[in-house]
Amino acid sequence: MSKSKTKRLGEILLEQGLITEELLEQGLRRQGQSAKRLGSTLVKLGLLEVGVLARVLAQQAGTAGCDLFVIRIPGEALAKLSPAKIKEFRVLPAGITGQKAQVITADPGDREVLDKVSFALGMSVQPVVIPEYQMVVALKKLDELGQFPKDGLSPAFWGETSADIDIADGYPDIWELCGTLAKSRASDLLLVAGAPPSIKQHNELVRLKSPLLTPQQVTKYAQELMTDQQWSQFSKEKAIDFALTRPEFGRFRINVYRQRSSISIAMRHIIEEIPSMSTLGLPVWIEPFVLKSQGLILVTGPNGHGKTTTLAAMVDLINSKSARNIITIEDPIEYLHRHKNSNVNQREVGLDTKTFYEGLRHVFREAPDVIMIGEMRDKESIAIALEAADTGHLVLSSMHANNSVMAINRIVDVFPAESQQQVRVQLADNLLLVLNQRLAERKDGKGRVLAYEKMSNSYRVANQIREGKEHQIRSLMQSGSEDFSSLDAHLAQLFRAGKITKDTATHYCQDQKAFKDLLAR
């Protein structure tokens, strides 16, 4: 897909003498500042009449066209598609003739969607094009009402709305959205076709005031965020991770991917200042582990629960309190570390190295004392991490695992059966700590608080790992000791301290019965 703006509509308008070059340039400039299509922009500016735009769009598409706000659509035609399908396909069934349905759409060239509409209706379809802003208005009305009137749509139904293009002029600029994300202190911005822009605050989805995003609008956002090289890579691979810095807003981690034949975007705002261990609520007993010269430290838990931030705080602690050569391999780099007492060399997958494995394969030639791997994803990266810990390096990494024991099992199970005993021995000899964490909603509603599970590699834990009895570690953790304590025990502690509600604690606990026993004590 080309990133250049098409001028086909403008060329038709110029050829037919419907607009001057000066007015077209004015419209194109305004279009570049907003997210509307050129035709809707010209109508908004009063430079083009709606009926004229509908006629030219029809000519451009080689199909019929109309002004939605001056025609009547029978109720029996609208009823052929459910409100959910109307919103999903962004079409309005307008009439049935024999085995052919007329469907009103702002995208008559989208054959994939029209094929889906045809399948849903059980007949062939004939598209009728309308200006984009009219479809946005129609879908907003449907969103407000839940369903269209049973007697159909008429000019009277739209009322004053028919002249109100501002409803369709509500797409915020991508940098405006970035500013909203940064100022709100939310964690993520989510841009998905068929829904308004949304942010995640304290793990809750919050809709922003905006029209429903179209596939074209999300594509526009994606193109504005990417370089030409990144867009080319995304076009081939259908997904891409990268980081982006804007001086006025800070740094963002961005994932762009395809779903249901359209593009979606997830943006995470990265706080430039690396939080301290105490700010994050990490216990003081972690520091001696982090400042050791050799071994493996794992931070585990689900997505969105602060693993990357915890790793950044650990690296910053080493950077501040010891003189070492630190190598990080991240996808992408989220927190930028300044050199303090240590040297911090940050390598980003896709920019500085092709893959995690490629970066790790050469890491021993870079004279590292500390290696931070953003995420242990596969057998190769796990094998090199274990080798590094076994050969005198401190290795920090993260892993998606619901608890500490599951992390051990995942590491072992990724290897073939004949290698698993060797891996158990390496883990038993080199594992320092597994920290499993959750960010639980605070009782006062002011953010989230860290709940964690500790499993340090004591003599007992090492024996259980070496002998393949990892399942017995859970019972040791439930009893609690200086070496290991369960997530449930810390949740109960937070509940008793009044920091989280009982419902929140119960939501995150891993053993309902054991948790009730803890509360009963």
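To the nearest 0.5 angstrom, Met314 atom CE is 5.0 Å from Ile286 atom CD1. Atom NZ in Lys307 sits 11.5 Å away from atom CG in Leu298 (nearest 0.5 Å). Rounded to the nearest 0.5 Å, atoms NE2 (His490) and CZ (Arg438) are 13.0 Å apart. Within the model, atoms CZ of Arg347 and NE2 of His362 stand 8.0 Å from one another, a figure rounded to the nearest 0.5 Å. The line from CG of Leu296 to CD of Gln426 is 10.5 Å long, rounded to the nearest 0.5 Å. Remark: Ile199 CD1 to Ser187 OG distance equals 8.5 Å, nearest 0.5 Å.
Within the 4.5 Å cutoff, the side chain of Gln510 has heavy atoms near those of the Asn436 side chain. Residues Ile373 and Ile384 form no side-chain contact, since every pair of their non-hydrogen atoms from C-beta on lies 4.5 Å or further apart. The shortest distance between side-chain heavy atoms of Val290 and Leu433 does not fall below 4.5 Å. With a 4.5 Å cut-off on side-chain heavy atoms, Ile382 and Val423 do not count as touching. Residues Gln421 and Phe415 form no side-chain contact, since every pair of their non-hydrogen atoms from C-beta on lies 4.5 Å or further apart. Counting heavy atoms from C-beta outward, Phe242 and Val256 have side chains that approach closer than 4.5 Å. At a threshold of 4.5 Å between non-hydrogen side-chain atoms, the residues Leu213 and Tyr221 count as touching.
The aromatic rings of Tyr452 and Trp285 stand perpendicular to each other, their planes meeting at an angle above 60°, with 30° marking the opposite boundary.
With ring centers used as reference points, Phe364 lies under 6.0 Å from His393.
Open room surrounds NZ on Lys292; 12 or fewer heavy atoms of other groups in view lie less than 6.0 Å from it. Few gaps surround CD on Glu144; more than 12 heavy atoms of other groups in view lie less than 6.0 Å from it. By the 6.0 Å contact criterion, NZ on Lys443 is open, its count of non-hydrogen atoms from other residues, nucleotides or ligands being 12 or less. Under a cut-off of 6.0 angstrom, the local environment of CD in Gln229 is sparse, with at most 12 non-hydrogen atoms contributed by other residues, nucleotides or ligands. No more than 12 heavy atoms of other residues, nucleotides or ligands lie within 6.0 Å of NZ in Lys379, so this atom counts as exposed by the packing criterion.
For Pro215 against Arg90, the heavy-atom pair with the smallest separation is CD-CD, 4.2 Å. Nearest heavy atom pair, residue Leu317 against residue Glu287, reads CD2-CG, 3.6 Å. Of all non-hydrogen atoms in Ser198 and Arg207, the two that sit nearest each other are OG-NH1, 3.0 Å. Between Phe234 and Arg258 the shortest heavy-atom distance is CZ-CG, 3.7 Å. Heavy atoms only, all atoms of each residue included: His337 and Ala312 are closest at CE1-O, 3.3 Å. Closest approach of Ile274 to Tyr335, counting heavy atoms only: CG1-CD2, 3.9 Å.
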Please tabulate, for side-chain N and O atoms in residues 325-332, each donor-acceptor pair with protein atoms closer than 3.5 Å (sequence neighbours left out).
{"residue": "Asn325", "atom": "OD1", "partner": "Asn345", "partner atom": "ND2", "Å": "2.9"}
{"residue": "Asn325", "atom": "ND2", "partner": "Glu366", "partner atom": "O", "Å": "3.0"}
{"residue": "Asn325", "atom": "ND2", "partner": "Ala367", "partner atom": "O", "Å": "2.8"}
{"residue": "Thr328", "atom": "OG1", "partner": "Glu330", "partner atom": "OE2", "Å": "2.6"}
{"residue": "Glu330", "atom": "OE2", "partner": "Gln346", "partner atom": "NE2", "Å": "3.1"}
{"residue": "Asp331", "atom": "OD2", "partner": "Arg377", "partner atom": "NH1", "Å": "3.2"}
{"residue": "Asp331", "atom": "OD2", "partner": "Arg377", "partner atom": "NH2", "Å": "3.2"}

(message) I'd like to know whether Asp444 forms a salt bridge (Lys or Arg N to Asp or Glu O under 4.0 Å) with Lys446, so could you lay out the CA-CA distance, the side-chain angles of the two residues, the decisive distance to 0.1 Å, and finally the verdict.
(response) CA-CA 5 Å; Asp444 59 12; Lys446 297 179 180 178; 5.1 Å; no
(request) Start with the C-alpha gap between Trp175 and Leu225, add the side-chain angles, then the distance that decides, and say whether side chain to side chain contact (heavy atoms under 4.5 Å, CB included) holds. (result) CA-CA 9 Å; Trp175 307 119; Leu225 291 168; 3.9 Å; yes
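No donor-acceptor pair closer than 3.5 Å links the side chain of Ser322 to the backbone N or O of Arg324.
Tested against Asp188 for a side chain to side chain donor-acceptor pair (under 3.5 Å), the candidates Lys200, Arg253, Arg268, Gln201 yield a single pass: Arg268. No option in Ser264, Ser262, Pro197 other than Ser264 meets the side-chain contact (heavy atoms from CB on, under 4.5 Å) test with Val192.
Between the side chains of Glu358 and Thr353, no donor-acceptor pair of N or O atoms lies under 3.5 Å. Of the N and O atoms on the side chains of Asn430 and Asp390, at least one donor lies less than 3.5 Å from an acceptor on the other residue. A donor atom on one side chain and an acceptor atom on the other are not found under 3.5 Å apart for Asp503 and Thr506.
With sequence neighbours excluded, the residues satisfying side chain to side chain contact (heavy atoms under 4.5 Å, CB included) with Leu439 are His305, Arg448, Leu450.
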